[in-house]
Number of protein chains: 2
Amino acid sequence: MIVLYVGFMNNIVSSFPSPAMGRPRAFDMETVIARTVPVFREYGYAGASIDRLKTATGLTAGSLYKAFTDKRGVFEAAFTHYVKQRRQDLAARLLKASTGRERIAESLRFYLEAASGFEGRQGCLVLASLIEATTLDGALHERLSDTLATNRAALITMLREGLQDGSIRAELPIEASADLLLSLLQGFRAVGKLHDPGDHDALIGMSLKILD
Amino acid sequence: MIVLYVGFMNNIVSSFPSPAMGRPRAFDMETVIARTVPVFREYGYAGASIDRLKTATGLTAGSLYKAFTDKRGVFEAAFTHYVKQRRQDLAARLLKASTGRERIAESLRFYLEAASGFEGRQGCLVLASLIEATTLDGALHERLSDTLATNRAALITMLREGLQDGSIRAELPIEASADLLLSLLQGFRAVGKLHDPGDHDALIGMSLKILD
DNA sequence: TGACTTAGGAAATGATCGTTCTCTATGTTG
DNA sequence: CAACATAGAGAACGATCATTTCCTAAGTCA
């Protein structure tokens, strides 16, 4: 709301109502967003219909639109939630890794596990969005690009740590290694849509040879 | 049409009309199928609407359905065409490679090039189908699984050739190596939806360290 | 308490989805 | 030439799509 001229201060204040006004939500936003995530993971953006989102969340179309403006808004919230959650989980896993090489190994394991079983069949929301990248609008396209860039940056950080702690040889081209690992991780999730990856330890061991 | 009892031979023949009967098609099937491929590559199965397929092929909905029964039929033809074409192209490339290791290297290059530029942005039909795997019916799911299995088998063949010609060390676990390469190749296509891969030679060189 | 503001729920909206139908055109076969 | 069979074109079909609207419910605030 735009106020062109107001005589008294309280009129201006009242034109920006506090967020506590009106009937409060009967559901928890975080919970609802979490429930939309599997829908987008399984069906992608185009395939995730409002009807499916309704049944997944238990909300009516009206409430969904009041809370998220439109389908794009639901997707954006789901995407943010998914990426944040995964990063938290990975960060927790990385605590027990002491060297850069171990952190890379742990990241590989993290993705291999996500590519297995029910989780693997459900798929990766980032990968699913990647496939529909040309369909998404500019802002979402950039969000996706940023997400991938951040993942790449995280790999580069781990590689540099490896250089410092001596677990990775000094001559290794860092950027190219990160690119290769990034592709490999996404590839795990892609193949995991159909089949479980084989022996995780064996695959990790072989992957790490890239760093030799 | 099933004929239970027919007195004369020509009646049986006429009950199975020759394919030359009726008005002939005004378009070339192969050409039309080729034109549907980019639609599925860009939008996936769900996103490829009949309307988009109409404009891509220049056909009307009626002709499309007469030729392919339904949307699923169009997709199946496109998928078959795409896989066949890609395998032919790769096979031609592999002719100039003399050892197993060189054939692996050439395969990596083939995928890196496909992941670059316009081709990369258009995406891989196999990968796109992989993402929608849970949505596809049983038969298509199996076709997809077969395609991946055949690609894996091709990698195993190259690796075995490498064992024979001495370009790959004898102790290398073949199956696990093939799994890793398969994921890496799909990963190239995934990331290629957004960005061009970097220095191909560098990436190939690093990838081949998996085989050391 | 009464004015205000937002949420919930369900029906309604127009667009688009995949598919079918109808009619005409164009070939082959006897 | 007549009978037959399929193709082409486009309108029409019901289903589903994302979104909006309308009304009631449930809070806050003065």
Side-chain angles (χ1 to χ4, degrees), chain A residues 1 8-29 31-33 36 39-40 43-78 132 135-137 140, chain B residues 1 8-29 31-33 36 39-40 43-78 132 135-137 140:
Chain A
M1 182 192 283
F8 296 100
M9 206 54 185
N10 13 358
N11 288 26
I12 296 177
V13 171
S14 71
S15 69
F16 293 96
S18 82
M21 271 182 114
R23 178 173 168 178
R25 287 212 179 92
F27 60 87
D28 176 50
M29 270 294 242
T31 307
V32 162
I33 294 171
T36 68
V39 182
F40 286 111
Y43 301 101
Y45 181 81
S49 66
I50 299 293
D51 214 54
R52 276 200 252 256
L53 292 169
K54 273 169 59 185
T55 57
T57 58
L59 297 187
T60 61
S63 299
L64 227 34
Y65 275 81
K66 283 229 172 75
F68 300 101
T69 309
D70 54 15
K71 179 179 163 178
R72 191 195 167 285
V74 185
F75 174 77
E76 199 166 20
E132 294 184 270
T135 311
L136 304 174
D137 65 70
L140 287 178
Chain B
M1 180 191 283
F8 298 99
M9 206 55 185
N10 10 1
N11 288 26
I12 295 176
V13 171
S14 69
S15 68
F16 292 98
S18 83
M21 276 183 109
R23 177 173 169 179
R25 287 211 178 91
F27 59 88
D28 177 50
M29 270 293 244
T31 307
V32 163
I33 293 171
T36 68
V39 183
F40 287 111
Y43 301 101
Y45 181 81
S49 67
I50 298 294
D51 214 55
R52 276 200 250 256
L53 292 169
K54 273 168 60 185
T55 55
T57 59
L59 297 188
T60 61
S63 299
L64 226 36
Y65 273 82
K66 283 224 172 74
F68 299 101
T69 309
D70 54 16
K71 179 179 164 180
R72 191 193 167 284
V74 185
F75 174 76
E76 199 165 21
E132 294 184 271
T135 311
L136 304 174
D137 64 69
L140 287 178

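All heavy atoms count here, side chains included; hydrogens, waters and symmetry mates do not. In what follows, every chain begins at residue 1, and chains take the letters A, B, ... in the order their sequences are listed.
The separation between A:Leu64 atom CG and C:dA10 atom C1' is 14 Å, rounded to whole Å. Rounded to a whole Å, the CZ atom of B:Arg72 is 15 Å from the P atom of C:dG18. Here D:dA15 presents its P atom at 18 Å from NZ of B:Lys71, a figure rounded to the nearest Å. To the nearest angstrom, P of D:dA25 lies 21 Å from CZ of A:Arg25. The CZ-P distance, from A:Phe75 to D:dT19, rounds to 14 Å in whole Å. Rounded to whole Å, atom P of C:dT5 lies 5 Å from atom CE of A:Met21. The nearest whole Å value for the distance from the CG atom in A:Leu53 to the C1' atom in D:dA18 is 11 Å. Taking atom CG on B:Asp51 and atom P on D:dG10, their separation rounds to 13 Å, with Å as the unit.
Listed here is the closest heavy atom pair of A:Arg52 and A:Val39: CB-CG1, 4.0 Å.
The only option from A:Thr36, A:Leu53, A:Val32 that meets the side-chain contact (heavy atoms from CB on, under 4.5 Å) definition with A:Leu59 turns out to be A:Val32.
Using a 4.0 Å heavy-atom distance criterion, B:Thr60 is classed as a base contact. Here B:Phe68 lies out of heavy-atom contact (under 4.0 Å) with every strand. Base engagement by A:Lys66 is indicated by at least one non-hydrogen atom pair under 4.0 Å involving a base atom. Note on A:Ala26: only backbone sugar-phosphate atoms sit closer than 4.0 angstrom, heavy atoms only; bases stay farther off. Among the protein residues, B:Ala48 comes within range of the sugar-phosphate backbone only, with heavy atoms under 4.0 Å from sugar or phosphate atoms but none that close to a base.
Across C:dT20, D:dT19, C:dG9, the shortest atom-to-atom separation from the side chain of B:Ala61 is found for C:dT20.
Residue-to-nucleotide contacts include a donor-acceptor pair under 3.5 Å from the side chain of A:Arg23 to the base of D:dA25.
Although no hydrogens or angles enter the test, the distance criterion places a donor-acceptor pair under 3.5 Å between the side chain of A:Lys71 and the main chain of A:Ala48. B:Glu132 places a side-chain N or O within donor-acceptor distance of the main-chain N or O of B:Tyr45, the cut-off being under 3.5 Å.
Ring pair B:Phe75/B:Phe40 is perpendicular by interplanar angle, where above 60° counts as perpendicular and below 30° as parallel.
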